[in-house]
There are 2 protein chains.
Amino acid sequence: MSQPRDGRAVTSIDVAKAAGVSQSAVSRTFTPGTAVSEATRLKVLDAAKKLGYRPNAIARTLSTSRSRIIGVVLSTLDNQFYPAAIEHLSRSLQEHGLHVMLFFAEGRDVDGALSQLLTYQLDGVVIASATLSSRLARECTAMGIPVVMFNRSAASTQTSSVTSNNIEGGRLAANHLLDCGCDRIAYLAGRSDSSTNRDREAGVNLALLERGHTLVFREDGSYEPAMAKEATRRLMSAPQPPDGLIVASDYMAFAALDTLRNELGFEVPSQVCVVSFDDVPAAAWGAYALTTVAQSIPAMVHSTVSILLEQFSDQAMVARDVIVSSRLIVRSTTSAARVEGQVKGQKSARHAE
Amino acid sequence: MSQPRDGRAVTSIDVAKAAGVSQSAVSRTFTPGTAVSEATRLKVLDAAKKLGYRPNAIARTLSTSRSRIIGVVLSTLDNQFYPAAIEHLSRSLQEHGLHVMLFFAEGRDVDGALSQLLTYQLDGVVIASATLSSRLARECTAMGIPVVMFNRSAASTQTSSVTSNNIEGGRLAANHLLDCGCDRIAYLAGRSDSSTNRDREAGVNLALLERGHTLVFREDGSYEPAMAKEATRRLMSAPQPPDGLIVASDYMAFAALDTLRNELGFEVPSQVCVVSFDDVPAAAWGAYALTTVAQSIPAMVHSTVSILLEQFSDQAMVARDVIVSSRLIVRSTTSAARVEGQVKGQKSARHAE
DNA sequence: GACCAAATTGCATACGTATGCTACAGTCAA
DNA sequence: TTGACTGTAGCATACGTATGCAATTTGGTC
């Protein structure tokens with residue numbers, strides 16, 4: 001009798017019937033902050049439990065136009081930084097009753113991506129994809145959807161962004177190499193159209209300039225390991241190869257280190273010091289033990305979630321740019337005790353300590 | 001006049017009005033496989049474009065009870081295998097107009113996870129989480145939601161699964177070590193409640209038995225790098241340490257290798273050969289160059305998507321178990337040219353070639 | 001030119017929930 | 001006892017799309 005239609009789902013109407021109340025009462029019971037007497041609340045909860053009722057999020061979305069879904073736009077998960085960020089982000093959002101829907105950007109198809117995003121009535125979008133990010137952000141913002149650029153600076157003053165302090169990070173990296181006694185420093189760059197690379201490189205140049213140095217080489221790796229290997233070969237085959245290498249990401253640094261050690265036979269850090277950016281989990285693995293400028297994923301995710309939650313309530317939609325501070329983590333690819341003036345190329349030179 | 005209400009979204013009714021047709025016509029235009037004349041189709045598309053109309057997926061879901069959302073349940077993305085699988089899966093599903101929603105399993109809270117899953121009217125669920133998988137699968141299946149256990153075998157005959165042939169994989173690993181001349185083989189196990197570990201270990205034991213051998217040591221690493229390190233220390237501190245190590249996952253093998261080489265000073269493969277499972281991207285990195293039994297992500301994802309698509313059409317909901325074949329990839333942590341009978345512990349022994 | 005079949009179209013309604021508004025019950029004070 | 005006021009419950013409707021059914025148009029044939 002009080003059985004739901006044998007078809008499928010139990011609805012609020014079924015529960016209402018079973019509890020002897022109106023559908024509104026059921027709805028209110030499951031909507032925090034609404035007025036229901038304790039008596040009906042219990043009746044409803046009891047009936048709901050008995051029937052195995054679960055509110056239908058889709059119907060609720062249609063009614064409230066709040067989907068509680070956050071779209072996350074990615075280009076790839078190859079670089080360990082992103083999986084780590086996604087896991088953290090997804091867990092944090094889950095605590096607020098929000099869920100992540102994944103969108104992988106396909107090349108330059110902005111419209112396709114946009115259509116997919118918009119049809120789901122997303123409550124917010126986090127863009128962590130290099131390609132098509134700025135236009136996508138603009139269009140979403142225009143549609144009134146809160147957007148956060150994650151790990152890339154905002155395309156416009158309209159959209160928020162969360163980045164780490166890459167300029168400061170660049171300075172940390174450069175200063176550290178100088179402190180290690182390096183005086184022929186090279187930069188292995190990431191994609192030139194990315195704000196991370198731009199800022200990191202700027203910071204490096206700034207710090208070098210301040211101490212009367214300048215970059216000896218600059219090669220492009222475009223954040224691709226294969227290109228980083230090529231670049232490393234070019235760098236080290238110079239008549240006077242660098243004695244310090246700043247790599248724009250850990251992910252490229254692994255490739256560079258492999259090439260340096262296994263292919264070209266260089267010793268790190270005695271012949272070349274290497275420092276990079278991100279502090280991806282593998283950077284701590286024994287085989288690499290990479291000195292790196294860490295981006296704090298917890299801090300970045302926290303800011304991202306805060307911005308999103310803020311924008312849900314505020315009508316204002318004021319864009320915020322959060323810059324999380326960077327931190328140098330010294331491991332074994334650099335050596336602070338390096339003897340200044342030491343001639344590079346000494347095959348057997350070991351660093352002190 | 002034909003402007004949509006200034007509030008927000010453009011609806012099919014707005015488009016209908018603008019195109020001078022009924023709302024049904026608009027709906028049909030955007031629903032493949034329905035009858036609309038070319039003439040109205042063009043009128044509608046034109047008006048839609050002009051107004052910037054996008055069909056509302058949420059409303060469509062309410063009406064059709066097909067959300068085109070696939071829930072993916074994970075416990076963590078630490079092991080590179082999962083990010084790689086997710087990216088592949090998400091891209092494949094996107095090609096079919098489906099999207100991935102992420103759910104991170106929190107400890108043992110089945111009911112919480114389940115509620116979250118069920119409220120979204122998911123069209124399917126892919127479970128790649130170790131914990132709470134079997135009960136979750138059962139409940140989803142009971143609710144009529146297609147479930148695929150990814151990289152773990154089915155909890156019941158009711159639910160489908162996609163795994164690689166881990167038994168065969170275990171044999172490949174064991175036989176390879178025997179072929180390398182190892183005769184004191186140890187197994188570093190993954191979580192004992194996982195089907196992957198169970199099958200891999202079974203395969204190893206089988207192959208050893210066939211060739212008159214048996215495992216010398218067996219330690220538990222529970223798929224955790226920290227535990228793998230501990231286990232490695234225990235293994236190698238035995239009076240007669242193993243000369244061949246089979247590790248249940250690459251992710252643990254990296255930790256084991258780091259411990260072996262950097263901490264304990266063993267040479268791989270001359271003193272100990274190491275083989276593991278998964279062929280995660282980092283396994284190919286120069287610093288590890290790990291010999292490993294590959295799980296084909298493309299094949300596994302392909303099967304997963306096929307099963308899901310099948311179950312959408314079939315009412316039958318026949319569960320399928322797909323077993324993708326494994327393949328041994330030989331890199332530098334094992335050496336086929338190992339001299340048989342060679343005494344382990346020779347510090348300077350180099351493998352040939 | 002008329003008639004029949006086939007192809008389109010529009011109408012009306014369903015999907016499951018949220019919420020403004022009205023109606024009503026209960027409390028308390030005068 | 002009556003009146004005003006507070007707190008609840010229920011009614012009715014909106015959210016945007018899909019689709020069965022009936023009405024209409026189209027196209028073709030004799």
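Any value given below was found using the heavy atoms of this structure, including those in side chains, with hydrogens, waters and symmetry copies removed. Numbered from 1 within each chain, the chains take letters A, B, ... in sequence-line order.
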Send over the distance from [X] [atom1] to [N] [atom2], rounded to a whole Å.
X	N	atom1	atom2	answer
A:Arg60	C:dC15	CZ	C1'	16 Å
B:Asn56	D:dA14	CG	P	18 Å
B:Arg66	D:dG16	CZ	P	23 Å
B:Tyr120	C:dG16	OH	P	18 Å
A:Phe30	C:dT19	CZ	P	15 Å
A:Ile58	D:dA14	CD1	P	22 Å
B:Ile13	C:dT13	CD1	C1'	13 Å
A:Arg54	C:dT17	CZ	P	13 Å

Within the 4.0 Å heavy-atom criterion, would you say [X] contacts the bases, only the backbone, or no part of the nucleic acid?
X	answer
B:Ser24	base
B:Val26	nothing
A:Ser37	sugar-phosphate

Along DNA chain C (nearest heavy atom to each residue), the more 5'-positioned of B:Gly20 and A:Thr31: B:Gly20

5' priority, DNA chain C, between B:Leu62 and B:Ala35 [closest heavy atom]: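 With B:Ala35 and B:Leu62 compared, the 5'-side residue is B:Ala35.
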
Closest approach of [X] to [Y] (non-hydrogen atoms, all atoms of both residues):
X	Y	value
B:Tyr223	B:Ser194	CE1-OG, 3.4 Å
A:Thr159	A:Met149	OG1-CG, 4.2 Å
A:Val324	A:Ser303	CG2-OG, 4.3 Å

Angle between terminal axes - the helix from C:dG1-D:dC30 to C:dA30-D:dT1, 5 pairs each end, rounded to 10°: 40°

So, does [X] use its side chain to make a donor-acceptor pair with the main chain of [Y] at under 3.5 Å?
X	Y	answer
A:Gln121	A:Ser67	no
B:Arg91	A:Ala105	yes
B:Ser27	B:Gln23	no
B:Ser90	B:Ile86	no

Distance-only side-chain donor-acceptor flag, A:Ser161 / A:Asp321, under 3.5 Å: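 Result is yes, a qualifying pair exists.
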
Sole residue of A:Leu117, A:Leu118, A:Asp123 in side chain to side chain contact (heavy atoms under 4.5 Å, CB included) with A:Ile145: A:Leu118

Would you mind telling me which of [options] lies closest to the side-chain atoms of [X]?
X	options	result
B:Gln23	D:dG16, C:dT17, D:dT19	D:dT19
B:Ala59	C:dG16, C:dG10, D:dG16	D:dG16
B:Val21	C:dG10, C:dT17, D:dG16	C:dG10

Nucleotide-resolved protein contact map, nucleotides 21-27 of chain C, B/S/- at heavy-atom distance under 4.0 Å: B------

If you compare every side-chain N and O of [X] against the phosphate oxygens of [N] (OP1, OP2), does one of them come in below 4.0 Å?
X	N	value
B:Ser27	D:dA18	yes
A:Tyr53	C:dT17	yes
A:Thr40	D:dA9	yes
A:Ser22	D:dG10	yes

Could you pull out every donor-acceptor pair under 3.5 Å between side chains of residues 54-61 of chain B and any protein atom, sequence neighbours left out?
unit_1	atom_1	unit_2	atom_2	d
B:Arg54	NH1	A:Ser115	OG	2.7
B:Asn56	OD1	B:Ile58	N	2.8
B:Asn56	OD1	B:Ala59	N	3.0
B:Thr61	OG1	B:Ala57	O	2.8
B:Thr61	OG1	B:Arg66	O	3.4

